[in-house]
Visitor: 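The following block contains the structure, expressed as structure tokens.
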2 protein chains.
Amino acid sequence: MSEEKAEVISSPAGRTILASTIAKPFAEEIAAQVEGLGFKPKLVGFLSNADPAARMYANWTGKTCEGLGFEYELVEVEKNELESAIIKANKKDDVHGIMVYFPVFGDNQDQYLQQLISVDKDVEGLNFMYYHNLYHNVRFLDPPFNEQKCILPCTPLALVKILEYLGVYNKLLHYGNRLYGKKIMVVNRSEIVGRPLAALLANDGATVYSVDINGIQHFSRGDDLSEKRHKVEDLDSSVTVKDLAPHCDVIITGVPSDAYKFPIEYVRNGTVVLNFSSSKNFSDEIKQKASLYVPSIGKVTIAMLLRNLLRLIRNKRIAESRRNSED
Amino acid sequence: MSEEKAEVISSPAGRTILASTIAKPFAEEIAAQVEGLGFKPKLVGFLSNADPAARMYANWTGKTCEGLGFEYELVEVEKNELESAIIKANKKDDVHGIMVYFPVFGDNQDQYLQQLISVDKDVEGLNFMYYHNLYHNVRFLDPPFNEQKCILPCTPLALVKILEYLGVYNKLLHYGNRLYGKKIMVVNRSEIVGRPLAALLANDGATVYSVDINGIQHFSRGDDLSEKRHKVEDLDSSVTVKDLAPHCDVIITGVPSDAYKFPIEYVRNGTVVLNFSSSKNFSDEIKQKASLYVPSIGKVTIAMLLRNLLRLIRNKRIAESRRNSED
């Protein structure tokens, strides 16, 4: 055995892939599209909490926007005034996209605020309608024309795009079936990310184990085709992460706690590992086991958010030109 | 002093008013309207939890429905199948109203399910649109015609109707101003009841102290008339229930815990006291202090739910006849 070969084997067999690397081609595509628009699209971000992480994310959104040709306005507003501020932004013609840095109230009132953002400006895709369409595999807003594509919630969308980049989606399989045969664990079942993500992956053919503190659910494509809907089953409580994780091709975590670490000993060598929490859900040892490890996804999420903004502008133009041709 | 007078003074000066008493005139009005319809309206209730309280409430809804001329169907469905079941009921022409016995999942997925019920069949008024209209004092669904009245969420509506019955709303004042001068404490700020209730009362002119574990908020009518919206201010954390309760004309509680009791010593003699929690938030001593005490409101809530159902049917007829006259 040559020296060179020995060296390769002693280093980890896998690779760590940074979100910035994955975001790059999207950013280039977005910048080119903005240039083609002929005007600077404007995104407004509302900040109503004192969370330094939210402010950092806001600054980061601002920088990305400016780098890619968007206008970005950060509006700081007292939380009890946020509802009025959103309504005003909904009505402004020069505002093309609106986002809120959650949590604001940290309870169900935040869901109310999410629904308040106009569907035409909802860059994060948080409106009930977008989630509903996601769960039911509805891809277009304007049947039977099918020209206006649905917005997808930006974090689940970012995760799907990352899995495509990593080659987990197999392009030799037919579209809508490209995860066939894959087992994926998703540790998080929030309404914002974990549950819609599990549904998206199941709709693309994967077997998904959706884990949260209440137990493990099994998402599959199911057979209720009348509703175009994935199937969800509760697993028996005797089945644990320890039993399932070693069989998974992909493990995705999103536990918002610095104290939580996914048990590395349950991860099989060669697993694809993604973390979308702002906390580090894996210790560095994971690099010795994962084939591909994506430690954070924020930059891809921002790219998806701006991609959604461009889609909203395109959808609006399609709707307007259709109205004009009908007149 | 005669013996009779002494007896009157030694018994509590106030009265306990039962929900059944308050519900009675509404029930009669509803029964008469159903008879006028010429068909039996159908309400479907979905039960997906094993909570005996939910089953009791379901049975009670069923009995009330039958007594007033409605058809009631209780559908028991596994929680992971509930979404499909709701979508099917949304599409059925012979189903006029739909309700779900929450909690189902006990987390934000329940909010998703609430939004799934068709706005045309949402007897509990849980859709975002109805809450939005409530917060913004929007009374009609069909401007500029203003014939189709908005549905109001049924528990806040029940509480308003109870306050009207009790004479807290003063009919000598102009409509929309009938709580002017009243101070009302609401102990609960849930998105379903407490927050919309506080907004309704503030929009009618009251000063409202909205209490929850995160602190006390002050709701007033405010001056942002452009948004037709009440104003909300956080009170300084040094201000407590102890400071405010003695100044309140009305205290309304909805704390879902058997362990919680509102401190009787903070209640001024002659206060109007309502409890909408299924737990008893006041010990019996309250009868010695309250002028009017309503220990539970379930029967009024069910009446409001059936009233909403009739309104949904009326709104649909108005929409249809308008469509026909336009053809």
Visitor: When you look at OH of A/Tyr180, are more than 12 heavy atoms from neighbouring residues, nucleotides or ligands closer to it than 6.0 Å?
Guide: no

Visitor: Can you say whether B/Glu233 sits under 4.5 Å from chain A via the side chain, the backbone, both, or neither, judging by heavy atoms?
Guide: backbone

Visitor: Would you say NZ of A/Lys42 has more than 12 non-hydrogen atoms from neighbouring residues, nucleotides or ligands within 6.0 angstrom?
Guide: yes

Visitor: B/Gln109 versus chain A, heavy atoms under 4.5 Å apart: side chain, backbone, both or neither?
Guide: both

Visitor: How many angstroms lie between NZ in B/Lys231 and CG in A/Asn80, if you round to the nearest 0.5 Å?
Guide: 10.5 Å

Visitor: Walk me through it: do A/His136 and B/Ile87 pass the test side-chain contact (heavy atoms from CB on, under 4.5 Å)?
Guide: CA-CA 11 Å; A/His136 295 270; B/Ile87 290 171; 3.1 Å; yes

Visitor: What about the rings of B/Tyr131 and A/Tyr112, do their centers lie closer together than 6.0 Å?
Guide: no

Visitor: Give the table of side-chain donor-acceptor pairs shorter than 3.5 Å for residues 116-125 of chain B, with sequence neighbours excluded, one pair per line with atom names and distance.
Guide:
| unit_1 | atom_1 | unit_2 | atom_2 | d |
| --- | --- | --- | --- | --- |
| B/Ser118 | OG | B/Asp120 | N | 3.2 |
| B/Lys121 | NZ | B/Ala89 | O | 3.1 |
| B/Lys121 | NZ | B/Asn90 | O | 3.0 |
| B/Lys121 | NZ | B/Lys92 | O | 2.6 |
| B/Lys121 | NZ | B/Val95 | O | 3.0 |
| B/Asp122 | OD1 | B/Gly125 | N | 3.2 |
| B/Asp122 | OD1 | B/Leu126 | N | 3.2 |
| B/Asp122 | OD2 | B/Leu126 | N | 2.9 |
| B/Asp122 | OD2 | B/Asn127 | N | 2.7 |

Visitor: With chain A, which of B/His132, B/Glu78, B/Gln111, B/Arg195 has the greatest number of heavy-atom pairs at distances under 4.5 Å?
Guide: B/Arg195

Visitor: Looking at chain A, which one of B/Asn214, B/Asp234, B/Asn108 has the largest number of heavy-atom pairs inside 4.5 Å, strictly under?
Guide: B/Asn108

Visitor: Heavy atoms only, distances under 4.5 angstrom: which of A/Lys79, A/Met129, A/Arg189, A/Gln115 has the most pairs with chain B? Name it, please.
Guide: A/Gln115

Visitor: Using salt bridge (charged side-chain N to carboxylate O under 4.0 Å, His left out) as the criterion, list what pairs up with A/Asp142, not counting sequence neighbours.
Guide: A/Arg322

